[in-house]
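Everything below concerns the one structure shown next.
Computation of the quantities below employed the complete heavy-atom set of this structure, encompassing side-chain atoms and omitting hydrogens, waters and symmetry-equivalent molecules. Note on naming: letters A, B, ... go to the chains in the order of the sequence lines (proteins, then strands), and numbering restarts at 1 for each one.
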Amino acid sequence: MSTESTSSHSDFIREIVAADRAAGKHAGQVVTRFPPEPNGYLHIGHAKSICLNFGIANENPGGICHLRMDDTNPTTEDPEYVQAIQDDVRWLGFDWQDKLFFASDYFERLYIYAVTLIKKDLAYVDSLSADEMRRYRGTLTEPGQASPFRNRSVDENLDLFRRMRAGEFPDGAHVLRAKIDMASPNINLRDPVLYRIRHVAHYRTGATWCIYPAYDFAHPLSDAIEGITHSLCTLEFEDHRPLYDWVVERCDTPQRPQQIEFARLNVSFTVMSKRKLLDLVERKLVDGWDDPRLPTLKGLKRRGFTPEALRAFCDAIGVAKRDAVVEVQLLEYFVREDLNKRAPRVMAVLRPLRVVIENYSEGQVEPLDAINNPEDPSAGTRQVPFSRTIYIDQDDFKEDPPKQFYRLTVGREVRLRYAYIIKCIDLIKDPVTGEVIELRCTYDPETRSGGPQAQRKVKATIHWVSAPHALDAEIRLYEGLMLTDPGKIPPDEDWTQHLNPHSLERLPDCKVEPSLASVSSGTRLQFERVGYFCVDPDSSPGRLVFNRTVTLKDAYAKIEKAQAPR
RNA sequence: UGGGGGAUCGUCUAGCGGUAGGACGCCGGCCUUUGGAGCCGGCUACCUAGGUUCGAUUCCUAGUCCCCCAGCCA
């Protein structure tokens with residue numbers, strides 16, 4: 001496996017794994033697993049878990065990481081998600097070889113384990129309603145009470161459980177429960193439900209089953225069946241661990257996996273809960289699971305994030321047990337770092353302002369050499385056409401420039417990247433709106449790149465596109481979807497009120513250089529001085545569409561912000 | 001306040017008894033035909049109080065604060 005898929009740092013889990021190997025535990029084997037439930041799309045929080053589980057497997061000789069669909073609840077699961085999960089894990093850069101598993105494939109074995117438990121008088125069929133069961137469970141401070149059905153005979157339990165499977169009872173009539181301790185201070189041990197009746201077809205097993213195993217039963221046994229050595233999960237399962245161990249022990253499985261918990265990833269201003277993501281998609285607050293504003297892997301991909309950047313991010317955030325909220329800026333840092341090295345530079349004008357260079361001959365066109373990537377000489381050069389009429393960005397001209405604005409204004413010179421130094425001599429306004437609609441400039445022929453005066457210093461260099469050669473494009477700018485940190489929104493509040501109304505801005509009339517005529521979907525580019533962009537799947541040769549992945553760091557924006565009257 | 005966890009720069013994270021390191025961020029400077037990139041410098045942290053020790057972020061005790069658990073979800 002490539003070195004990118006392993007971590008450069010250690011953490012408490014890797015230390016445990018290393019110590020276990022050294023001690024010869026699990027016969028020195030390392031088998032991990034990534035166990036998503038196929039009821040939604042993977043997001044960056046899953047990426048942390050994927051990188052951890054596959055990373056650890058890759059780092060240990062002979063190690064392997066299984067991909068397992070934890071599909072024990074037929075009401076929410078769908079093959080659409082199964083496919084998407086596989087695509088996403090692969091896209092992130094990981095390989096489960098032939099170890100793709102489904103908890104639903106273990107239903108028969110799980111059933112047999114349940115029967116074993118019943119025979120040992122460690123499980124019983126309870127006929128309390130869900131409501132009654134809740135009351136019998138007690139509270140955090142008071143012990144629970146035994147169900148009146150807790151002492152059914154083994155034979156009666158066996159019979160009832162068999163008939164549950166046979167479909168003789170309606171949903172909710174009975175459940176199979178572990179017989180542990182109704183007075184346990186750990187509520188998870190107060191006779192947890194092992195099986196429930198659900199007359200619902202499963203997307204894989206169809207109508208074969210009408211009883212389905214609960215997570216606390218299916219998960220440890222699935223791990224054991226697959227020979228998992230280290231079962232990594234998030235903190236909220238910490239007090240399920242005694243139950244996990246109980247199941248594995250009582251079922252006497254050949255393998256005893258070890259559950260280790262770590263803190264889930266939170267990213268500031270980022271919606272991570274499956275429920276909320278589903279909400280956004282279903283209420284059409286965003287445009288599907290791959291909306292570039294979403295932290296789903298599909299969304300991040302469409303936005304232009306690279307798997308390499310995501311992996312570097314996951315490596316940098318570390319693995320620990322304390323609750324943490326990572327700032328989005330760290331994520332952005334890693335995309336910039338990655339794209340800076342690999343994204344070809346091109347020129348694009350987002351909000352065009354027409355510029356006529358009066359002393360440049362009408363009809364003349366010069367092909368100018370432009371560097372594709374200053375960070376990577378092997379990327380070579382290309383030619384961009386220059387002519388009398390060009391577009392520059394409206395941001396690069398100010399009629400009344402504030403202090404520290406180095407760009408164009410009437411009477412000032414500026415360099416056109418890869419071309420000439422021009423001087424603005426006049427401007428034309430719309431007689432009605434008063435808006436500046438055209439700049440009149442002159443150029444200095446001596447200052448062409450490579451020319452005698454090419455080294456002349458001017459305060460700024462701006463990007464441009466030749467008007468007659470420009471390609472039309474739509475450019476989509478994204479900002480954070482949330483105005484508030486999701487973790488800081490009171491639960492009684494409607495969290496969608498904190499959605500950023502400006503999270504998407506479509507610029508339909510952009511101009512890009514002609515070299516982009518046939519870019520294919522997914523291509524990542526840097527628009528010089530603006531940011532990193534990615535060709536959207538909506539794009540076609542006649543209608544280019546770009547997504548802004550992330551802006552470039554912008555020193556002037558900072559000054560502007562500091563000067564802004566507030 | 002029943003149980004289970006956790007507290008180190010603004011944010012992540014390292015430190016495993018020898019005197020707090022890294023990254024992001026922020027501030028300043030250099031450089032620059034991207035106000036990009038790069039480079040240099042700076043910034044700020046051990047939850048509190050006791051104790052053990054020559055020495056404690058690390059060990060002990062007592063507090064404080066935060067998170068999780070009362071689904072037939074995972």
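- As rounded to the nearest Å, B/U64 and B/U1 have C1' atoms that lie 13 Å from one another.
- At whole-Å resolution of the value, CZ in A/Arg412 and P in B/G35 are 13 Å apart.
- Where A/Ala130 and A/Ala316 meet RNA chain B, the nucleotide closest to each residue was compared, and A/Ala316 sits on the side nearer the 5' end.
- B/U53 and B/G21 have their P atoms separated by 29 Å, given to the nearest Å.
- Residue A/Tyr406 has no polar side-chain atom (N or O) positioned under 4.0 Å from OP1 or OP2 of B/G35.
- Distances shorter than 4.0 Å separate none of the side-chain N or O atoms of A/Arg190 from OP1 or OP2 on B/A70.
- Distances shown here put a side-chain N or O of A/Lys553 below 4.0 Å from the OP1 or OP2 atom of B/A37.
- One side chain, A/Arg33 or A/Ser231, offers a donor N or O that lies under 3.5 Å from an acceptor on the other.
- Between A/Arg137 and B/C72 there is a side-chain N or O to OP1 or OP2 distance below 4.0 Å.
- Applying the 4.0 Å criterion to OP1 and OP2 of B/C26, one finds that A/Lys558 has a side-chain N or O inside that range.
- Annotation for A/Arg412 and A/Pro401: closest pair NH2-CG, 4.2 Å, computed over non-hydrogen atoms.
- Residue A/Ile559 is classed as a base contact, given a heavy-atom separation below 4.0 Å to a base.
- The side chain of A/Arg275 places no N or O atom within less than 4.0 Å of a non-bridging phosphate oxygen (OP1 or OP2) of B/A74.
- Listed for the A/Arg165 side chain is no donor-acceptor partner under 3.5 Å among the backbone atoms of A/Trp209.
- Checking the phosphate oxygens (OP1, OP2) of B/G71, no side-chain nitrogen or oxygen of A/Arg177 falls inside 4.0 Å.
- Residue contacts for A/Thr75: at a heavy-atom cut-off of 4.0 Å it reaches no nucleic acid atom on any strand shown.
- The environment of A/Arg264 atom CZ is sparse: at most 12 non-hydrogen atoms of other residues, nucleotides or ligands sit within 6.0 angstrom.
- Distance noted for atom P between B/A37 and B/C24: 12 Å (whole Å).
- For RNA chain B, the stems formed by at least three consecutive Watson-Crick or G-U pairs, with both atom-pair distances below 3.5 Å, span B:2-7 with B:64-69, B:10-13 with B:21-24, B:25-30 with B:38-43, B:47-51 with B:59-63.
- Between B/C9 and B/U44, the distance separating the two C1' atoms is 5 Å to the nearest Å.
- Look at A/Ser268 and you won't find any side-chain N or O under 4.0 angstrom from OP1 or OP2 of B/U11.
- Atom name P, nucleotides B/C47 and B/C12: the rounded distance is 14 Å, in whole Å.
- To the nearest 0.5 Å, atoms CD1 (A/Ile187) and NE2 (A/His240) are separated by 10.5 Å.
- Position along RNA chain B of the nearest nucleotide to A/Tyr556 versus A/Leu140 favours A/Leu140 as the more 5'-ward residue.
- Among the atoms of the strands shown, none is found under 4.0 Å from any heavy atom of A/Pro36.
- A donor-acceptor contact under 3.5 Å is formed by the side chain of A/Asp239 with the base of B/G3.
- A/His240 comes within 4.0 angstrom of a base, heavy atoms only.
- Taking atom P in both B/U57 and B/G17, one finds a spacing of 14 Å when rounded to whole Å.
- Note that the CZ atom of A/Arg524 and the CZ atom of A/Phe305 stand 10.5 Å from one another [nearest 0.5 Å].
- No donor-acceptor contact under 3.5 angstrom links the side chains of A/Tyr136 and A/Asp191, judged on distance only.
- Checked options A/Lys423, A/Arg407, A/Lys457, A/Arg456; the residue passing with A/Glu413 is A/Arg456 (criterion: salt bridge (charged side-chain N to carboxylate O under 4.0 Å, His left out)).
- A/Arg322 has a side-chain polar atom (N or O) that falls below the 4.0 Å cut-off from OP1 or OP2 of B/A14.
- Residue contacts for A/Glu327: at a heavy-atom cut-off of 4.0 Å it reaches a base atom on one of the strands shown.
- Between the CE atom of A/Met133 and the CZ atom of A/Arg137 there is a distance of 7.0 Å, given to the nearest 0.5 Å.
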Checklist entry - How would nucleotides 28-33 of chain B be written as a contact map, 5' to 3', with B for base contact, S for sugar-phosphate-only contact and - for no contact, using protein heavy atoms under 4.0 Å? => result -----B

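- Between B/G4 and B/U13, the distance separating the two P atoms is 24 Å to the nearest Å.
- Judged by a 6.0 Å distance limit and a 45° cone about the ring axis, A/Arg204 is positioned over the six-membered ring of A/Phe102.
- A/Leu339 comes within 4.0 angstrom of nothing in the nucleic acid, heavy atoms only.
- Note on A/Arg241: every side-chain N or O is 4.0 Å or more away from OP1 and OP2 of B/G4.
- Taking atom C1' in both B/C40 and B/G18, the straight-line distance is 32 Å, to the nearest Å.
- Here A/Asp369 does not pair with A/Arg382 in a salt bridge; the nearest charged N to carboxylate O distance is not below 4.0 Å.
- Aromatic pair A/Phe161/A/Tyr195: ring centres closer than 6.0 Å.
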